[in-house]
Protein chains: 2
Amino acid sequence: MPEDLVRPDAMYKQLAARLAQAISEGEYEPGDLLPSETQLMERYGVSRPTVRSAVAELRSMGLAQSQHGRGTLVRSVALPATVIDRTVTRSGKRFTVGWEADEAEFPAVTRGHTTGVTAQLLDREEEAAFIVDRLLTDTTGTRTTHRVTIPFDVAHDVPELAKSPDTEPAAIYAALTAAGHTLTWTEYVTARSPLPDERAALRMPDTGPILVTYRVTLNGDDRPLILEELHTSAERAQLAFRVTAEKAPARRR
Amino acid sequence: MPEDLVRPDAMYKQLAARLAQAISEGEYEPGDLLPSETQLMERYGVSRPTVRSAVAELRSMGLAQSQHGRGTLVRSVALPATVIDRTVTRSGKRFTVGWEADEAEFPAVTRGHTTGVTAQLLDREEEAAFIVDRLLTDTTGTRTTHRVTIPFDVAHDVPELAKSPDTEPAAIYAALTAAGHTLTWTEYVTARSPLPDERAALRMPDTGPILVTYRVTLNGDDRPLILEELHTSAERAQLAFRVTAEKAPARRR
DNA sequence: TATCATTTGTTCGTATGTATC
DNA sequence: CGATACATACGAACAAATGAT
């Protein structure tokens, strides 16, 4: 019989909640080792599987991280170090994006179609498009995947893009501007748990969430031109947006 | 001995990866029930704990959701329905924020201090401040917590804020503007797994990530005035930012 | 309405493998 | 090398929710 954990509402959940509280109260500091599974068994009078379930909860909450053969570490809950600045700056015909990172590999260009979310955001159903995939690495080693989708009709109007769709976003903005477009962007941000291949691509050792952003480049008539998609580990990076007050109350969907 | 799962690299992970792939290939459609644990045991020749670990992986990936006594459902991977528009619009002396929601309760005003992240973003060490907490609910029932931190020195300069710190953000912007400030905002976005009390406050049944944003209101000299913090379930809501090209290349930290 | 089979949830015990120190 | 600690896997039992009979 457990010592001071009452029955209903899963003991492993109670134990997890208690340990989580102890961590957030600073009883265990980041970098500390939690008591070993054996010690927790004895301390709370529960079996090993119960302790393991509780520790698994802590891991899934991002509060702890286990190391095989060593112990379970309390993780720091500090804000991610890398700031991905999502602002766009223009001086004359040149554009600069706020965050630059090296490409870990060459951009991969494929031909595909707009589907699902991509089709919806680009307002084009099943249209052929260039798809450019990049893997970016910043100075701290944080990895980010970046995908640009350029519909064929846009590339057709801007031959520069058709020739080399794998130019950097800032250069794409410049080419679109040179072609007579006045650009604005709308960016959607969400987060989710990574799929196995995403976690592998981003080299995420643990199972934290990833940040997902969709940036739609719009022309003066608010027609979508291209789509950029960014995936990065939320534990490694945060996004930064500069917001300024707008004048006209034109809003869409 | 397992039928066609080779040994090294945890069988439960292999099984999870296989089921995840089957889901993403559409073999199991959203809303479908996965085979029961007993069926999976027989199909793959593994024990029930192994099957349960694999299904737990699927849940933590957000691909499945179990229902006691019924089975395990395949979840839809669509984008969140609610869009939280983070733009700010100004017409004359009036400000409007892009996303409005009802307050589920009255705003709770407390007095506290800037600490940790709050202190860093407001560039004030351990300064006394008003803290205003709100719980917002939109028409779809999505809940969002909103915290405003107003340092005492700012409230002192703008008596309107000291009198009623629990005014809506748009009104705070107007008051700050009336006091002679020219406002811009910087917003930081990250995501993490919710702590137990956060999950409770947002009424999140499952264990997906939450989106966390910090919006810093800056005056013309880029000095931070107030801080807004938003928490919402990433499975229920996504954020939308409008990005426009800036002129001057002034950037900070 | 009540019962029953099915299904997931929880907990225990036990054994073995493997990384760390 | 040995002790410790986490990782994986099996078996077993009962509880609790669900849906159909």
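Basis for what follows: all heavy atoms, side chains included, without hydrogens, waters or symmetry-related copies. Chain A is the first sequence line, chain B the second, and so forth, proteins listed ahead of strands; every chain is numbered from 1. Because the structure is predicted, anything quoted here is derived from the model rather than measured.
Under the 4.0 Å criterion applied to side-chain N and carboxylate O atoms, B/Lys13 and B/Glu57 are not assigned as salt-bridge partners. One finds no salt bridge joining A/Arg192 and B/Glu235 here, because no Lys/Arg side-chain nitrogen approaches an Asp/Glu carboxylate oxygen to under 4.0 Å. A/Arg147 and A/Glu228 are not joined by a salt bridge, as no carboxylate oxygen comes within less than 4.0 angstrom of a charged side-chain nitrogen.
One can find a donor-acceptor pair under 3.5 Å joining the base of C/dT18 and the side-chain atoms of A/His68.
Distances from the side chain of A/Arg70 to the nucleotides D/dT8, C/dT20, C/dC12 place C/dT20 closest. Closest to the side chain of A/Glu37, from the set D/dG19, D/dA7, D/dA9, is D/dA7. The nucleotide whose nearest atom lies closest to any side-chain atom of B/Ser47 is, among D/dT8, C/dT10, D/dG11, D/dG11. Closest to the B/Ser66 side chain, of the nucleotides D/dA9, C/dC12, C/dG9, is C/dG9.
Within the 6.0 Å centre-distance limit, the rings of A/Phe241 and B/Phe241 are counted as a close aromatic pair.
The separation between A/Tyr44 atom OH and C/dT10 atom C1' is 19 Å, rounded to whole Å. The nearest whole Å value for the distance from the CZ atom in A/Arg48 to the C1' atom in C/dC12 is 13 Å.
Along DNA chain C, the nucleotide nearest B/Ser36 and the nucleotide nearest A/Val51 are compared for position; the residue whose nucleotide lies closer to the 5' end is B/Ser36.
Pairing for C/dT1 is absent, with no Watson-Crick or G-U wobble pair whose two atom distances lie under 3.5 Å.
Among the protein residues, A/Thr72 comes within range of the sugar-phosphate backbone only, with heavy atoms under 4.0 Å from sugar or phosphate atoms but none that close to a base.
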